Asks: 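This structure is in structure tokens; I'll ask about it shortly.
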Protein chains: 2
Amino acid sequence: MNIGQASKASGVSAKMIRYYEQIKLIAPADRTEGNYRSFSDDEINQLQFIRRARSLGFSVEEIAHLLSLWSDRVRPNWEVKAIADGHVRALEAKVAEIRAMADTLRELSRGCADDERPDCPILADLASGVQPRREPAVSRGFQA
Amino acid sequence: MNIGQASKASGVSAKMIRYYEQIKLIAPADRTEGNYRSFSDDEINQLQFIRRARSLGFSVEEIAHLLSLWSDRVRPNWEVKAIADGHVRALEAKVAEIRAMADTLRELSRGCADDERPDCPILADLASGVQPRREPAVSRGFQA
DNA sequence: CCCACGGTTCCAATCACGGGAAGGTTCAGG
DNA sequence: CCTGAACCTTCCCGTGATTGGAACCGTGGG
């Protein structure tokens, strides 16, 4: 299978397959005579693993760890579970963070009439320099 | 006020103040004889506005729009409200997306015993290449 | 044998931000 | 007056995952 077929079969773009190879998330693929990458079924499976893990929000670093556990026949459950649970907690924190923003903003919007007047309190609030209501956000740039 | 004092007063790092100037989110600050930036109270206020808006998850582009509305004395409420509500919807979508991930992963983790055995179903699921349950995620790289 | 469609590499941009180098300015104390 | 610390200046690089594009080479069907 060349990279195009591997991409279709795995759902990972050819670009990303090359990138994953470059950052050593996956082993360098075999090459044909004409220097084309050639993928085995096992490698397609790995790519699907990666795709699925990415869709669950795991970072590439976490996926590297998961892949190594996957290929380790005596891996202990608790180690896999620890990564998963840690990630669940990170996701929950992210949800809480974003929901706090949404709640605040909904509240502000509620006080802003949908008309032509120029007295919308949203801008007034932004200008007031009010501190965020809770702890300083753990991370800010969630918008990809 | 030089950039250090402006930073302390506004809560925006000196680095970011320079960056905001560079990308023209704010006007170039006046300079002293020694080429130091000098900030007025108005400019400190603008920086606080930016900081607050960032903490609510607005992108720099959205903030540029909000700032222009802020300085527009005849701004119509509905325009401000539209930006805010659009952002609330984006935040809600993000929450739904991340919560779907967390739910899936929690479910997987529930089936994985916290012990030394190597049969954790999380890896099996990742390897299975199951499609995400809902629509293809609108955005993927939410982790800053 | 040609041409379109693959593949290959490399380089750039995204977004908001931080780190650090190399050098100039300011100001207080000795 | 001189020194040094603390500030400022610009410039470049890295982050993480991904996409886009250019320039070039290989492959295979008509």
Side-chain angles (χ1 to χ4, degrees), chain A residues 1-26 28-39 47 50-65 87 90 94 97-98 101 136-144, chain B residues 1-26 28-39 47 50-64 67 87 90 94 97-98 101 136-144:
Chain A
M1 268 177 144
N2 66 23
I3 206 173
Q5 298 170 299
S7 172
K8 267 171 209 155
S10 67
V12 179
S13 76
K15 279 274 194 198
M16 288 315 295
I17 296 176
R18 294 193 195 98
Y19 173 70
Y20 290 150
E21 188 183 75
Q22 189 198 319
I23 64 173
K24 291 174 190 162
L25 179 60
I26 57 179
D30 287 348
R31 299 298 183 119
T32 66
E33 269 187 38
N35 202 31
Y36 283 17
R37 262 166 272 249
S38 171
F39 296 87
L47 289 171
I50 292 168
R51 186 174 88 74
R52 173 88 170 121
R54 284 292 301 138
S55 82
L56 289 175
F58 285 102
S59 70
V60 164
E61 201 180 0
E62 288 167 323
I63 295 174
H65 196 167
H87 189 54
K94 200 62 83 175
E97 186 187 338
I98 300 176
M101 294 178 183
V138 178
S139 74
R140 2 200 17 112
F142 60 88
Q143 58 241 331
Chain B
M1 267 179 144
N2 66 24
I3 207 174
Q5 298 170 299
S7 171
K8 267 171 209 156
S10 67
V12 179
S13 75
K15 279 275 194 199
M16 289 315 298
I17 296 175
R18 294 193 195 98
Y19 173 70
Y20 291 149
E21 187 183 78
Q22 189 198 321
I23 64 173
K24 291 172 189 165
L25 180 60
I26 58 180
D30 287 349
R31 300 298 183 119
T32 66
E33 269 187 37
N35 202 30
Y36 282 17
R37 263 166 271 250
S38 172
F39 297 87
L47 290 170
I50 293 168
R51 185 173 91 73
R52 173 92 172 120
R54 285 292 301 139
S55 82
L56 289 175
F58 285 102
S59 70
V60 165
E61 201 180 357
E62 288 167 322
I63 295 175
L67 278 174
H87 189 54
K94 200 62 85 174
E97 185 187 339
I98 301 176
M101 293 178 184
V138 178
S139 74
R140 6 204 7 116
F142 60 87
Q143 59 242 326

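This one's a predicted model, so the numbers in the text were calculated from it and none came from an experiment. By convention in this document, chain letters (A, B, ...) are assigned in the order of the sequence lines, proteins followed by strands, and residues within each chain are numbered from 1.
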Asks: If I take atom CZ in residue A:R54 and atom P in nucleotide D:dG16, what distance separates them, rounded to the nearest angstrom?
Replies: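 These atoms are roughly 12 Å apart.
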
Asks: Hey, which of these two, B:I3 or A:I23, hits DNA chain D nearer its 5' end, going by closest nucleotide?
Replies: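 Comparing both residues, the 5'-ward one is B:I3.
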
Asks: From the set D:dT10, D:dA17, D:dC7, return the single nucleotide nearest to any side-chain atom of B:R31.
Replies: D:dT10

Asks: Under 4.0 Å, counting only non-hydrogen atoms across every strand here, what does B:R18 touch: a base, just sugar-phosphate, or nothing?
Replies: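 Touches a base.
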
Asks: Working note: A:K94 + B:K94, criterion side chain to side chain contact (heavy atoms under 4.5 Å, CB included); need CA distance, chi angles, decisive distance, verdict.
Replies: CA-CA 10 Å; A:K94 200 62 83 175; B:K94 200 62 85 174; over 6 Å; no

Asks: With the threshold set at under 4.0 Å for non-hydrogen atoms, list the residues of residues 6-13 of chain B touching DNA chain D in residue-number order.
Replies: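 Of all residues in residues 6-13 of chain B, none places a heavy atom under 4.0 Å from DNA chain D.
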
Asks: Is the number of heavy atoms from other residues, nucleotides or ligands under 6.0 Å of B:Q5 CD greater than 12?
Replies: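 Counting neighbours around CD of B:Q5, more than 12 heavy atoms of other residues, nucleotides or ligands fall under 6.0 Å, so yes.
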
Asks: Judged by atom type as modelled, is there a donor-acceptor pair below 3.5 Å linking the side chain of B:S38 to the main-chain atoms of B:N2?
Replies: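 Not a single qualifying donor-acceptor pair exists.
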
Asks: Name the pairs: protein N/O against N/O of nucleotides 27-30 of chain D, kept only if under 3.5 Å.
Replies:
from: D:dT27; atom 1: OP1; to: A:G34; atom 2: N; distance (Å): 3.4

Asks: Give me the bend of the helix from C:dC1-D:dG30 to C:dG30-D:dC1, using the axes of the five pairs at each end, rounded to 10°.
Replies: 30°

Asks: Yes or no on side chain to side chain contact (heavy atoms under 4.5 Å, CB included) for A:Y19 and A:L25, after CA distance, side-chain angles and deciding distance?
Replies: CA-CA 9 Å; A:Y19 173 70; A:L25 179 60; over 6 Å; no

Asks: Are any of B:R51's side-chain N or O atoms less than 4.0 Å away from OP1 or OP2 of C:dC17?
Replies: no

Asks: What's the closest nucleotide to the side chain of B:K15 if the choices are D:dC11, C:dG6, D:dA17?
Replies: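 Comparing D:dC11, C:dG6, D:dA17 against the side chain of B:K15, the answer is D:dC11.
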
